[in-house]
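For ligands, and for the atoms within them, numbers begin at 1 and follow the listed sequence.
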Amino acid sequence: MRVLLTGGTGYIGSNTAVALLEAGHQVLIVDNLANSNERTVQDIREITNKDVDFVLGDITQPAVIDRILETENAEAVVHFAALKAVGESVEKPLAYYRNNLDGLLTMLESMERHGIHNFIFSSSATVYGGENPVPLTEDMPAGTCANPYGWTKLMAEQILRDAAAANPKMSVVLLRYFNPVGGHRSGKLGERPNGVPNNLMPYIVQTAAGIRERLSVFGGDYPTPDGTGVRDYVHVSDLAEGHVAALEYCVAHHGVETVNLGTGCGNSVLELIHTFETVNGVSVPYQITDRRKGDVAVCWADVEKAGRLLGWQAKRSLKDMCRDSWRCRG
Ligand code: NAD
Ligand code: WQD
């Protein structure tokens, strides 16, 4: 099947491109390179030994998307393109709402014009907010998001539900990712944030590499076994394979399904640090500091639905995640 990946040169999109190509699909990427590099296209080709088409373009521009959908025979869209830095979204909320929601609406309108009905959306566990008990199931009420980025995901989910309710031909899979980490085992296609990382794993990598002096562990007094925050870290290659399964489900059904993609297990900040040190034979200096505003104590997925609906489950261990994150340090 020919699949259009928006944001496909980004971290999760590029790893998904590899998984789709390896599963025999054809991949076309559109990306404006706002947070990625065109070199990634070559990396995908080298890893898979297969061709991938790339269009440099902004998905908020209808003419860009119309031209692609008119000429490329895409049967499905996997929509990764978005701005994703939580802190930046608080400083530039309008840029986040404009890019993430305008991009989505532009895609959906163009798809409607061209009779394309299969859509997979990158949502986030952040939509659960902090009020629900773990493990988080897809039918739990969405929470109050702590930042504009999170709200763009919640609003996007609502837009997609309304669009599908109005068009019975549409098939939408809302994938709620937990905490993606790791990178392709080749050492390519890792997460390379610009500037100071917001997320834990890239910060650990940069601290181990000597780029950052010390990691701040945000809070040592949570009601968790070691007092530090617990998350459901999931290897990006597992996540990528989850998209292949979601695509197969999407084209065979109609309507909307929401699916958690995680391992179903929680690990603490200290567990991640110590596993990283052991697996890679490096040291990660850290100090425990105050909690970070907006953080929840614990967050992990119920993954029963992903197994039942998509036949997918994460296979890679926390050790694999730590090893591949380090390999992909660039
Ligand atoms: P990323 O920043 O690496 O990839 C996003 C890609 O979209 C980038 O290559 C960027 O250049 C592109 N892009 C952004 N706006 C665009 C536009 N207007 N037109 C064309 N391209 C545009 O991020 P990622 O980590 O790969 O995340 C992919 C998706 O998954 C995003 O929607 C993100 O919100 C979501 N998500 C990510 C995480 C995470 O922790 N990484 C967790 C949950 C959900
Ligand atoms: C993980 C744990 C921190 C950095 C975020 C977004 C979410 C989703 C995934 C996109 C927490 C602790 C972190 C540090 C630390 N992204 N930490 N020191 O907050 O679970 O989720 O990324 O959709 O929307 O909010 O991930 O990696 O920032 O934090 O101690 O320097 O690591 O407190 O317990 P989070 P994270």
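Per-residue contacts place K153 under 4.0 angstrom from the following atoms of ligand 1 (heavy atoms of the residue considered): 31 (C), 32 (O), 33 (C), 34 (O). Listed by atom number, the atoms of ligand 1 under 4.0 Å from L33 heavy atoms are 11 (O). Heavy-atom contacts of G10 reach the following atoms of ligand 1: 3 (O), 4 (O), 9 (O), 26 (O) (cutoff under 4.0 Å). Numbered from 1 in the order shown, with element, the atoms of ligand 1 that lie under 4.0 Å from a heavy atom of A34 read 11 (O).
For the pair E191 and ligand 1, the shortest N or O to N or O distance does not fall below 3.5 Å. Some N or O of Y11 is nearer than 3.5 Å to an N or O of ligand 1, by distance alone. The distance criterion of under 3.5 Å between nitrogen or oxygen atoms is not met by F178 with respect to ligand 1. For a threshold of 3.5 Å applied to N or O pairs, the pair formed by N199 and ligand 1 contains no separation below that value. Considering backbone and side-chain atoms together, D31 places an N or O closer than 3.5 Å to an N or O of ligand 1. Residue L83 has no N or O atom closer than 3.5 Å to an N or O atom of ligand 1. At under 3.5 Å, a nitrogen or oxygen of N35, whether backbone or side chain, sits near a nitrogen or oxygen of ligand 1. At under 3.5 Å, not a single nitrogen or oxygen of A81, backbone or side chain, sits near a nitrogen or oxygen of ligand 1. Residue N99 has at least one nitrogen or oxygen atom sitting less than 3.5 Å from a nitrogen or oxygen atom of ligand 1, judged on distance alone.
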Name the atoms and distances for all side-chain donor-acceptor pairs under 3.5 Å in residues 138-148, with sequence neighbours left out.
unit_1 : atom_1 : unit_2 : atom_2 : d
E138   : OE2    : N260   : N      : 2.8
D139   : OD1    : T137   : OG1    : 2.7
N147   : OD1    : Y149   : N      : 3.3
N147   : OD1    : G150   : N      : 2.8

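With hydrogens left out, the protein atom closest to atom 33 (C) of ligand 1 is Y149 OH, 3.5 Å, a heavy atom. For atom 19 (N) of ligand 1, the nearest non-hydrogen atom of the protein is I59 N, 3.0 Å. Here the protein heavy atom with the shortest distance to atom 31 (C) of ligand 1 is F80 O, 3.1 Å. Looking only at protein heavy atoms, the nearest one to atom 26 (O) of ligand 1 is I12 N, 2.8 Å. Counting only heavy atoms of the protein, atom 5 (C) of ligand 1 lies nearest to A82 O, 3.9 Å. Atom 25 (O) of ligand 1 has its closest protein heavy atom at K84 NZ, 2.8 Å.
No more than 12 heavy atoms of other residues, nucleotides or ligands shown are found within 6.0 angstrom of NZ on K92. Residue R113 qualifies as enclosed at atom CZ: its count of foreign heavy atoms under 6.0 Å is above 12. Other residues, nucleotides and ligands contribute more than 12 heavy atoms inside 6.0 Å of the CD atom of E271. Annotation: E75, atom CD; neighbour count of heavy atoms from other residues, nucleotides and ligands within 6.0 Å is above 12. Atom CG of N73 sits in a sparse spot, with 12 or fewer heavy atoms from other residues, nucleotides or ligands closer than 6.0 Å.
With rounding to the nearest 0.5 angstrom, the CD atom of E46 is 10.0 Å from the CG atom of L189.
Not one N or O on the side chain of H235 forms a donor-acceptor pair closer than 3.5 Å with the backbone of M321.
Counting heavy atoms only, S123 comes closest to atom 44 (C) of ligand 1 of the residues S122, S123, S14. For atom 13 (N) of ligand 1, the nearest non-hydrogen atom from the set N32, L261, N15, V78 belongs to N32.
Put simply, part of G57 is less than 4.0 Å from ligand 1, judged by heavy atoms. Within the 4.0 Å heavy-atom cutoff, P180 counts among the residues contacting ligand 1.
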### Task
Tell me, with the steps shown, if H79 and T6 meet side-chain hydrogen bond (donor to acceptor under 3.5 Å, both in side chains).
CA-CA 5 Å; H79 185 59; T6 74; 2.8 Å; yes
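In T126, neither the side chain nor the backbone holds a heavy atom less than 4.0 Å from any atom of ligand 1.
Both the sub-6.0 Å distance and the 45° axial angle are not jointly satisfied by R231 relative to the ring of F178. Taking the ring centre of Y286 as origin, the terminal cationic atom of R214 falls outside the region bounded by 6.0 Å and 45° from the ring axis.
Within 4.0 Å of ligand 2, protein heavy atoms come from V86, S124, T126, Y149, N179, N198, N199, L200, L215, S216, V217, F218, G229, R231, Y233, V269, R292, D295.
Listed by chain and number, the residues in a side chain to side chain donor-acceptor pair (under 3.5 Å) with S36 are T9, D31 (sequence neighbours excluded). Evaluation of the salt bridge (charged side-chain N to carboxylate O under 4.0 Å, His left out) rule for K319 yields no partner, not counting sequence neighbours.
Residues I29 and V55 fail the side-chain proximity criterion, which asks for heavy atoms closer than 4.5 Å.
The pair R185-D324 does not meet the salt-bridge criterion, since no charged nitrogen lies less than 4.0 angstrom from a carboxylate oxygen. A salt bridge between E304 and R308 is present, with a side-chain N of the basic residue lying under 4.0 Å from a carboxylate O of the acidic one. Using a cutoff of 4.0 Å between basic side-chain nitrogens and carboxylate oxygens, E257 and R161 are not scored as salt-bridged.
Aromatic rings of F80 and H243 (six-membered ring for Trp) have centroids within the 6.0 Å cut-off, being under it.
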